[in-house]
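I have placed the structure first, in the form of structure tokens, so that the comments after it can refer back to it.
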Amino acid sequence: MIMRHDLITILKVKKMRVKKLSTGLTLLIVFAMLFSTFGCISEKEETPAPTTAAPTTAAPTTAAPTTAAPKVYEGLILPSGEKMAPMEILTLTPGADPTLNQEAVFIAEWWKKIGIDVEAKAMEKGALVQKIYWDRDFDATLWYIGGERFPLYLQYYYCEDEIYQYGWNFMQYRNPEYDSLSSEWLSIFDLDKAQERAFELQEMLAEDNPQIPLISDTKLTAYNNKKWEGWINQYGGVAGFDSMCTIDPVGGDTDNDILKIGLLKEPDTLNPLGTGFTETWTIINKIYCGGMWNPPTALYRYAPVSGELIPFLAEGDIEYDDATNTAIVKLKKGIKWHDGTELTAKDIKFTVDLMKEFEVPNYQDSVGFIDKVETIDDYTLKYYLTNKTVNFYHKTMMMIILQERKWSQIAEGARRKVDPTEYLTQCQITTPMGAGPFKFVEWKRGSYILLEKNPDWFFKDQTLPMGNDKLKYDLKVDKILFKFYASSETRILALKNGDIDICTIPAADIADFEADPDMTILEWGNDWLDFIGFNCTKPPFNDPAFRKALHYLIDKEFLVDKLQQGYAIAQYSVIPAINTFWCNPDCPTYGMGMSMEERIQKAIEILKGAGYTWESES
Amino acid sequence: MKKKKWKLIRQIWDLIRGSTFIKLGVSIIIIFGIMAVFSPIWVNRNPEIYDPIIGVDPDVHGSEGPSLKHPLGTDYIGKDLFSQLLRGSQIAFILGIMVSVLSTTIGTIVGLVAGYYGRIVDIILMRLADIILTLPRLPLLIVISGIFGTQSNWIILLILSFTFWPTISRVIRSQTLSLRERPFIESAKVSGVGNRRIILRHLAPNVLPITFYYLTVTVTGAILVEAGLSFLGFGDPSNMSWGMMLKWCFTTGYVFKAPYWMIPPGLCISALAFSFYLIGVGLEEIVNPRLKKR
Amino acid sequence: MSMERYILSRVIQIIIIFFIVMSIIFLLFRVIPSDPTSFLLTPSMTAEAKEAIREQFGLNEPIITQYYLYFKNFFHGNFGNSFYGGRSVMNIIKERMLNSIFLVTTAVILSYIIGITVGKAIAWKRGSKTEKFFVGLGLWFYTMFTPWLGILFLWIFAFKLHLFPLGGMITSEVWIANPSLIEKICDLIHHLILPLITYVVLWFGGYMLLMRNSMLETLREDYIITARAKGLKEKDIRDKHAARNALLPIVTAFAISISFSITGAVLIETVFSWPGIGRTIVEATLRQDYPLVQGAFAIITIVVLIANFIADIAYAYLDPRISY
Amino acid sequence: MEMVNVEHLTKLFPLRKRLFSREKHYVYAVDDVSFKIEKGKIMGLVGESGCGKTTTAKLLVRLLDPTSGNIYIKNENIADLRGKELKKFRKNIQMIFQDPYESLNPRFIVHDTVAEPLIAQGLYNTEKIYNALEVVGLKPPEEFLFRYSHELSGGQRQRVAIARALVIDPIFVVADEPTSMLDVSIRADVLNLLLALRKKFDLTVLFVTHDLAVARYMCDSIAVMYLGKIVERGNAEEIIKNPKHPYTKALLSAVPIPNPKAKRKRIKIGERVSDAVNPPERCRFYERCNYKKDICKRKYPKLIECCKDHFVACHLYG
């Protein structure tokens, strides 16, 4: 009896346990499978099946695949005999900057073709800055540069002095010859000589390739031609300072012509000392005199098109004395602040002193080299400089001008604080006081900012030369309404609906707007460019030949045609091509017009010449 | 034994057939499952053109509408939208199911332990759950993505699981509290059965129906939250998910111009989320006898 | 225990949770590997200035001091200043929170009312085609991807039919022309409708299903049978006997839904350009404005805690059976 | 030989502490209970619902931790055993629960249910399971081994529960109203089974019931509980024949007599029950007693031996 029972039960119980065990195992396997699939997908981006993908060879730009299967290069070996370690191209997330991210993804693909294990890695801006600028822990990064009419960065971005921790030269590019030439460049006041030297510098960089300039996009601005006309396509955009002072309403001037502009970001503050935001400056430089971007109009300004330095608030040229390193600047008479008081040399002296006293971060390169300022009379200033530098022309003369009456109180308050600079740069200016063409009226947070015409503007009805023409600053815009939109999509629809008069549009919309008779599109070159910067202290990126080979592999035409749909310019110099005066048009154009095949061959050739080998070769 | 196995499958089949909700849900899921499996086949025909991340069709300029070569058209660079959609279904499935398995497992274990042991264990675990429930989910996800500096599906997976378990563990706990007082648990205790065995063998199987319900419902939540994150720009940039497709459509200015780009991913997100939720509701109708028809 | 004592104990619990949550937030924002000066990377800044800014943000203090200062500042209503423009975070939040509350409360209340009414009705018609249709509809909308629905609505109602504005909270042109109060309100409502509809469409399903389930459970209780036996009118049984008791679990759901609504608000506010707290937190994170993110996060947490607290109290107050 | 010896067993359930209040409130569920059970005997614990019978039973099997007092089983005090020692000791005591529908895990098959104590003690042995099932009358065991509890009838379930209790050869079994949930028709079977098993294995049993008739049928001795206290205890026949305590008398008067012609005067007692929360120092039965005296209000009567092996706690027999 026991025998029989035992047998059956043991069998049954065992089976039961097996069943339970197998259920558990199955679950485990399913889970493991899920994990592995997941891993596969993310791994696939790292090494996209070199054996299957590479032979197809169709370079993204060339449609016809070549018949002969080209050689596959795998496992790059450095001249030192080591295999090249996997590298990363650090860039921003698509949320922060879709273009940069996509560029990095494709460039990584191209570099893989010569056997480099490379991956594009997206990071948050803060983390990226930390890694690149402070930690200097990177291989290569996709980043952007520009925004200045006078490209000062040609000096500070590449000089050895800026290699220390918080410096700008994060690529750690060292070239003593470049250093001496570039620092000398800063003290060349003669424009033609300076241009010559700048060209020379650019050529040196193009030869050495510490950074590879990629593309600079072309912006498209559409405006409603039934509302305003006479827009000026000037450096830095269409809806700039000069446009707003000169455009005419279509259908006659009335007392209430409102210009409506859509902004994608709400300005952060109206305090000109505490912002680096381009959006904010488009508003601030209408109210104040001077500023940072688009274009600064202070004592001197750049001419609307040619880019010469011409007097604006100042009268006549700067009288610079080489021997004593002093400069005398004369001020126009009768310039009024918005409250009716006169803008005098005292205000300008006050501003410089304020910047120096509080060490306002954004203006240190404007006042850092100024020993002191004297007011000879109400309309004459004398600057004492510690060293001769073009910064005096391009920074100090463009600097914001603050009203002494208003700001002396704020400065007084700041002096009593623990951290005066913080107070000064972060204090809220509810009623900005300037001397610009527009007065501040209202800021409805989250919705709009309203400006109104300053009828007593000193430059009203005066003219500036523009090419062969003259530009009359007749100030027909009675009010400017800056409206804020959360997405470019809604802003474009608002333009179509007539809710705003002008805005930048993506390339996707161009056909749509061209078909609309109410809309006119203007193209203008962006003065920022994207580049890849290498960590020049880390092998193999310290090898110019290696960097040059990588430069050959980048298909800039593809980036222009596909990623930007033709609305961009391939860049071969570190200065945007739109900056025609300073950009050297004769920089070597690595790989221009080559197919991907030829690019790879060229790169391999260079690398072989420099002693690189491949695992797949040996 | 074999007969018994078939019986189980039969039971499942009857379960599916019996409920309209489950029937509908399962059929939608099968469609997406086929899509996910089909993905590599579609892409591998010519990865240079069809890869969802780096494949660009050289013949296409800008975004083009549906054609034979590209059934859903292409995005602004000339990438095939159909292969992106297929890859998206893979990601949605894997992420959704993994998040739900992970968070339901954690939630069930925590709920069982808290409910069974009671006292200080219960207090600590449930306050922890409270705290996590208090932190608003999407902002938390956004902040944590920011903290990691870079975003990847792994981080999203971990964060989602981390924020989904408290709801589940609360329900499981209350269920455990009532189960704990049942005589069969006392009877097991009297027999000298250890705590771990009581939890695993007695309590766990009895909360299984609720666990299954949450297993499906959490998939819905995970799919939707992941899509939302990707849409806001906090997704995994090295991969292509449905939310990411919508995001690209939005940022490149094609939302109102390219319905062939805008509609499919949103529809897929909603449909897959819907199908898992349907199964959950169907299960609830079966599991919760009080919902049965009077 | 008396009601007052119950409330008191809840308050103490909530305060403890609040402190823990605030500490978590503090820690979260201390481990962010990025640098606050990153946003100030303009070419015109010298190295010394960058260093000075790091000091300015108090990042060189020891962590304990930072922790102490964090709570001290918090209780003074001082969340610090935004990295961008240096505006007080508290002011920004106050302003944005009001906008959010305006949208979210209207939406939640509306979807609550609709959801409950429909849920009540369909539970009564258990098994009918109407019920199946509404359940399906509710489920479909409930699991709909929020921004997608928002974009669809924008496309149809704003882009094609021009019925509503494309987003934002007010029409600037109306407001700069010194409008009367009525005009202002009309303008606000005009902007409110589309996000509101999206919200309600997305959310009524949840309440409806909850109400239906709760109602079905209640309908099985004996007192409903008693009520029928007494010969009361069906409508009275439904509305007075069943629905009132079925409402109880939904009160709790209401509070939980407030925290979920904020999540939804992030997406809806982004799509409809509504200047609310959700959009603020997204924008602030994208531009790494950590004081603002931190402040907004803390405020949302507090709102959720308070909502939970109110729900607990309401639940205890409404249900005589509950022993606290 | 005394198998079970309970001394001054007390169990207090604290009420939830109030905020800002220092005084503690307790429910006196079991209050200073002492009794002994001889080896191989059955003792009945009788009382109305809520009197603490089940609590006492659970204390004895250590489902609950006693507040104070000692429980000697085989001369070993199990009141303070913890952890491994307790687990080891558990194989000596088993419990049969009131509701066979609830005491079997619905997701277990019979085999799992019966095997569980063995597995827990590390004594798994199929033979024992077969024997146990056969002993409780579930024959042939193969037929039942793979059934779920919902595939069994009430009587079968209780038999499974008994098999489960007996499978590890306990020396002491606590049966908590094992028949109260069963149909009357199968009660007798289960009771007889228990009696037979007692004889076969020489078991010591504590039989908890509210039914004096059942207690008389089953038990060698009876203890009557009222509000956490034992009010009367002694030989079963003696207590049925010669009840002393007013409460026992009232209980007995409620037991139906099989002879339809026989008339027994029903003793009525008051309905008001004293509060078990912080009870005052007086007779617990005071409010309902028909013979209450002054002293009953002041002092709780001690359990005294009024005749041989017959203890009663009442001032009437002081």
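Scope of the values below: all heavy atoms of this structure, side chains included, with no hydrogens, waters or symmetry mates. Here is how names work: the chains are called A, B, and so on, in the same order as the sequence lines, proteins then strands, and each is numbered from 1.
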From [atom1] ([X]) to [atom2] ([Y]), nearest 0.5 Å:
{"X": "B/S187", "Y": "D/I96", "atom1": "OG", "atom2": "CD1", "result": "10.5 Å"}
{"X": "B/S191", "Y": "D/I168", "atom1": "OG", "atom2": "CD1", "result": "6.0 Å"}
{"X": "D/N105", "Y": "B/N206", "atom1": "CG", "atom2": "CG", "result": "5.0 Å"}
{"X": "D/L64", "Y": "B/E186", "atom1": "CG", "atom2": "CD", "result": "7.5 Å"}

Problem - D/L63 vs B/V190 side-chain heavy atoms within contact, under 4.5 Å - result: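 Contact flag for D/L63/B/V190 side chains = yes.
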Handout entry: For B/P183 against D/S103, the heavy-atom pair lying closest together
Key =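 Shortest heavy-atom separation between B/P183 and D/S103 comes out as CB-CA, 3.8 Å.
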Exercise for the section: Tell me, please, which residues at least two apart from B/A222 pass side chain to side chain contact (heavy atoms under 4.5 Å, CB included). Expected result: B/V99, B/L160, B/F164
Completion exercise
D/R90 meets the side chain to side chain contact (heavy atoms under 4.5 Å, CB included) criterion, sequence neighbours left out, with D/R62, D/L86, D/Q121
Problem - Neighbourhood of chain D inside residues 123-132 of chain B, taking heavy atoms under 4.5 Å as contact - result: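 The stretch does not come within 4.5 Å of chain D.
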Practice task
Could you tell me which of D/R164, D/K91, D/K58 has the largest number of non-hydrogen atom pairs under 4.5 Å with chain B?
Solution key: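 The answer is D/R164.
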Practice task
Heavy atoms only, distances under 4.5 angstrom: which of D/M95, D/Q94, D/Q98 has the most pairs with chain B? Name it, please.
Solution key: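 Max contact count across the listed options: D/Q94.
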Problem - Contacts of type ring pair (Phe, Tyr, Trp, His ring centres under 6.0 Å), residue B/Y277, not counting sequence neighbours - result: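 B/Y277 satisfies ring pair (Phe, Tyr, Trp, His ring centres under 6.0 Å) with C/Y142 once adjacent residues are dropped.
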Problem - Pair B/R201 + D/E116: basic N to acidic O under 4.0 Å - result: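 Salt bridge between B/R201 and D/E116, a charged N being under 4.0 Å from a carboxylate O: no.
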